Asks: 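This is the structure I have questions about; it appears just below.
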Amino acid sequence: MSIEWISILIVVSMLGLMVLGLPLAWSLGAVAVGLVLLLFDPQVMVMLVSRVFDMSLNYTLMSVPLFVLMAGILQRSGVADQLFRAVNVWAGGLRGGLAIGTIVANAVMASMVGIIGAEIVTFGLIALPEMLKRGYHHKLALGSIAAGGGLATLIPPSVVFIVYGMTAGCSVGELFLAGVFPGFLLGGLFILYVLWFGWRHPEGAPVASLEERSLPLREKLATQKELALPLLLAAGVLGSIYAGVATPSEAAGVGVLGAIFVAVVNKRFNWRVLRESLYETIKISSMLAWLFFGAQTIIGAYTLAGGTKFVTEALKAMELGRWGTLAFMNMIWIFLGCFLDWIGILFLTVPIFLPIILDLGFDPVWFGVVYCMNMHISYLSPPFAPSAFYMKSITPEEITMGQIYVATLPYLGLTVVATLIVTVWPELSLWLPTLLLRRT
Amino acid sequence: MRRILLLVDVVNVWTGRFASIFSLVCAFVIAYEIILRQLFLKPTVWAAEATVFACAILYLLGGPWTLLEDKHVRVDALYRKLQPKTRALVDCLTYLPFSLYLIVMIWATYNYVVDSIQLGETTMSPWNPPIWPMKLLMLISLVMIFLQGTAKFVRDVCRVAKGTEP
């Protein structure tokens, strides 16, 4: 059988299994096993098993459970409430101040938490009732929470970057730094949109009440005290990576102890919090790890069959040029993003795209940021928009899925704009890692 | 039959709960190692490897529980819309590729473990512990995932045939 037919067979059987709802981890593995039995000696499986085993002992993969555990404990420690309050005392006479505050609080929370979903649920429960109570238009309230929650993918520490870095074989530290400014850019655009909305629809974006605005400065400053500990923790975790004291995995381990400390100080730490966080951590990490194991088998089998070489040559033969190829990849991502989540897209495309990207002379770290921006689009784009699902799980009954989709649309548009900026202007992502890590 | 299914559930839940402690263990070992290295300039020989082992135990023993709780991600654009009974029928179909993957992996991992034990293989690091216990753990994990998946299959068959769970 020729490699063309093998590739088509793989894609068709994989899509078939996925549509039938077989979890991705088993779909990848089943296709790999089928391929090996069809093409090679069964003994090849032992080689694939050793790839899987090596992956289970991967040093970078270790940072996933640790960052998830850190996020789990922080989420239950009341930090989000404090952040929201501390940011919003400054809203004052600004139209849509609470929505802007939500985005800023999300960005700060993102520097401690690396997973999407957690943030939306946390801030949805805190910020949404506050905004609706004060007469904010539901479009503004829903959109700012759903879009702001996604900043966790770009602002370090981000689990998306860890998983990308492992798949692409580039430094997680560099990826973290590269995501910072695109994260600011995206957050900035979101805030500009809220300001514009407040200017166009003043009735839907009220200012803070007189009572809140006339709060004496000393009391306003007092709320800022509560920010100190979480910010210190974020600075400590990221700082220790860049100061060279700790690897990202080690920093995550220290972050876990820091998160426990914050929870203890806030008097929120108890066995239930710890147990729930541990149980959540093992399930999320096992899910990711078994996906990695499945991906190892299919990538191993496909490479052995000469597949990666074939795709590279086929894409070259299309003669799209450097930027044309990149645009083509982006379109595949956006298309897949309507149906799959970031994990599935990463495992299906990045191992195949990356050699081509390197071949074309693009920077793999910058490509990681472009990937992450695309996932931000996928994360907001219907019909499979994880952000909308998370949002729906915590909104009052009368808010429909349609309303949530409409509320996130402007942010989706802004994310597309930001993705274009990040793509045509690689320095935006790369100057910080170059400055701090690539000293020559 | 019902008892066997419940036994599989209970074993996997408790194994998973036990294994969940290892993420915390890992965090403490890391902190211990950093303190020794940075403050006392005496890094341990075992910490880096031990933390990696702790996390491997976490994923390997957590896999079956994650399956039981249906937390392995899937594309649910279509699946989500199916009636419970149709969904059970579809799950019965996809049990085939699932068991193909797991059975072949179990067979290959068995050979991999036997080789490792016979060679008395170690990690070849300064600490140099034997590596076969971790490989054996992978075999156990695959078997437990297969059993948990099979338990789900039996339940799905009952749901399709009789409309109720055993």
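These numbers were taken from a predicted model, which means no experiment stands behind them. Letters go in sequence order (proteins before strands), and every chain restarts at 1.
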Asks: Identify the two heavy atoms, one from A/Ala30 and one from B/Leu100, that lie closest to each other, and give their separation to 0.1 Å.
Replies: O-CD2, 4.1 Å

Asks: Could you walk me through whether B/Thr109 and A/Met45 pass the side-chain contact (heavy atoms from CB on, under 4.5 Å) test, one step at a time?
Replies: CA-CA 9 Å; B/Thr109 309; A/Met45 275 312 295; over 6 Å; no

Asks: Any side-chain heavy atom of B/Pro97 within less than 4.5 Å of one from A/Trp26?
Replies: no

Asks: Of the backbone (N, CA, C, O) and the side chain (C-beta and beyond), which part of A/Val256 lies under 4.5 Å from a heavy atom of chain B, both, or neither?
Replies: side chain

Asks: For the residue pair B/Glu69 and A/Met287, establish whether any side-chain heavy-atom pair is separated by less than 4.5 Å.
Replies: no

Asks: Is B/Tyr32 atom OH crowded by more than 12 heavy atoms from other residues, nucleotides or ligands, each under 6.0 Å away?
Replies: no

Asks: Heavy-atom distance under 4.5 Å between the side chains of B/Phe18 and A/Ile282, does that happen here?
Replies: no

Asks: Below 4.5 Å, heavy-atom pairs only: which of B/Leu67, B/Leu142, B/Thr94, B/Asp115 has the largest tally toward chain A?
Replies: B/Thr94

Asks: Which one of B/Leu60, B/Leu58, B/Ile34 has the most heavy-atom pairs closer than 4.5 Å to chain A?
Replies: B/Leu58

Asks: Is there side-chain contact between A/Leu57 and B/Ile131, with heavy atoms separated by less than 4.5 Å?
Replies: yes

Asks: Does any non-hydrogen side-chain atom of A/Leu22 lie less than 4.5 Å from one of B/Asp91?
Replies: no

Asks: Side chain, backbone, both or neither: which part of A/Leu61 has an atom under 4.5 Å from a heavy atom of chain B?
Replies: both

Asks: What pair of heavy atoms forms the shortest contact from A/Ser56 to B/Ala56, and how long is it?
Replies: O-CB, 3.5 Å

Asks: Taking B/Asn111, B/Leu96, B/Thr51 one by one, which has the highest count of heavy-atom pairs under 4.5 Å against chain A?
Replies: B/Thr51

Asks: Could you look at A/Ile284 and say if it's the side chain, the backbone, both or neither that has a heavy atom under 4.5 Å from chain B?
Replies: neither

Asks: With side-chain contact (heavy atoms from CB on, under 4.5 Å) as the test, would you mind laying out the steps for A/Val49 and B/Lys135 before giving the verdict?
Replies: CA-CA 10 Å; A/Val49 163; B/Lys135 293 186 174 176; over 6 Å; no

Asks: Taking the basic N atoms (NZ, or NE/NH1/NH2) and the acidic carboxylate oxygens, is any pair closer than 4.0 Å for B/Lys71 and A/Glu280?
Replies: no

Asks: Between A/Ser285 and chain B, which part of the residue has a heavy atom less than 4.5 Å away: side chain, backbone, both or neither?
Replies: both

Asks: Looking at every heavy atom in both A/Pro65 and B/Cys55, which two are closest together, and how far apart are they?
Replies: CG-SG, 4.0 Å

Asks: Counting only heavy atoms not in A/Tyr59 (residues, nucleotides, ligands), do more than 12 fall under 6.0 Å from its OH?
Replies: yes

Asks: Could you check whether any side-chain heavy atom of B/Phe98 comes within less than 4.5 Å of a side-chain heavy atom of A/Ser27, counting everything from C-beta outward?
Replies: no

Asks: Do you know which two heavy atoms are closest between A/Leu66 and B/Ser23, and how far apart they sit?
Replies: CD2-O, 3.6 Å

Asks: Counting only N and O atoms by type, is there a donor-acceptor contact under 3.5 Å from the side chain of B/Trp65 to the main-chain atoms of A/Ser286?
Replies: no

Asks: Within the 4.5 Å heavy-atom criterion, are B/His72 and A/Leu291 side-chain neighbours or not?
Replies: no

Asks: Let's test your reading of the structure: which of A/Ser50, A/Gly294, A/Gly255 forms the most heavy-atom pairs below 4.5 Å with chain B?
Replies: A/Ser50

Asks: Are more than 12 heavy atoms, taken from residues, nucleotides or ligands other than A/Phe261, located less than 6.0 Å from that residue's CZ atom?
Replies: no

Asks: Nearest 0.5 Å, please: how far is CD in A/Glu276 from OG in B/Ser20?
Replies: 12.0 Å

Asks: Sort out for me which of B/Leu93, B/Ile145, B/Asp70 touches chain A most, counting heavy-atom pairs under 4.5 Å.
Replies: B/Ile145

Asks: Please state whether the side chain, the backbone, both or neither of A/Leu288 comes within less than 4.5 Å of a heavy atom of chain B.
Replies: neither

Asks: Give the member of B/Val73, B/Val90, B/Leu61 that has the highest number of heavy-atom pairs under 4.5 Å with chain A.
Replies: B/Val73

Asks: Taking atom CH2 of B/Trp14 as the centre, report whether more than 12 heavy atoms of other residues, nucleotides or ligands fall under 6.0 Å from it.
Replies: no

Asks: Between atom OH of B/Tyr101 and atom CG of A/Leu17, what is the distance when rounded to the nearest 0.5 Å?
Replies: 13.0 Å

Asks: If every non-hydrogen atom of B/Ile30 is compared with every non-hydrogen atom of A/Ser249, which pair is closest and at what distance?
Replies: CD1-O, 3.7 Å

Asks: Give, as side chain, backbone, both or neither, the part of B/Arg87 having an atom under 4.5 angstrom from any heavy atom of chain A.
Replies: neither

Asks: If I take atom OH from residue B/Tyr79 and atom CG from residue A/Leu20, how far apart are they, to the nearest 0.5 angstrom?
Replies: 10.0 Å

Asks: What heavy-atom pair brings B/Ser141 and A/Trp290 nearest, and what distance separates the two atoms?
Replies: OG-CZ2, 3.2 Å

Asks: How long is the straight-line distance from CE of A/Met47 back to OH of B/Tyr112, given to the nearest 0.5 Å?
Replies: 11.0 Å

Asks: Against chain B, label A/Leu257 side chain, backbone, both or neither, depending on which of its atoms sit under 4.5 Å from a heavy atom there.
Replies: side chain

Asks: Less than 4.5 Å apart, side chain to side chain, heavy atoms only: is that true for A/Phe293 and B/Met105?
Replies: no

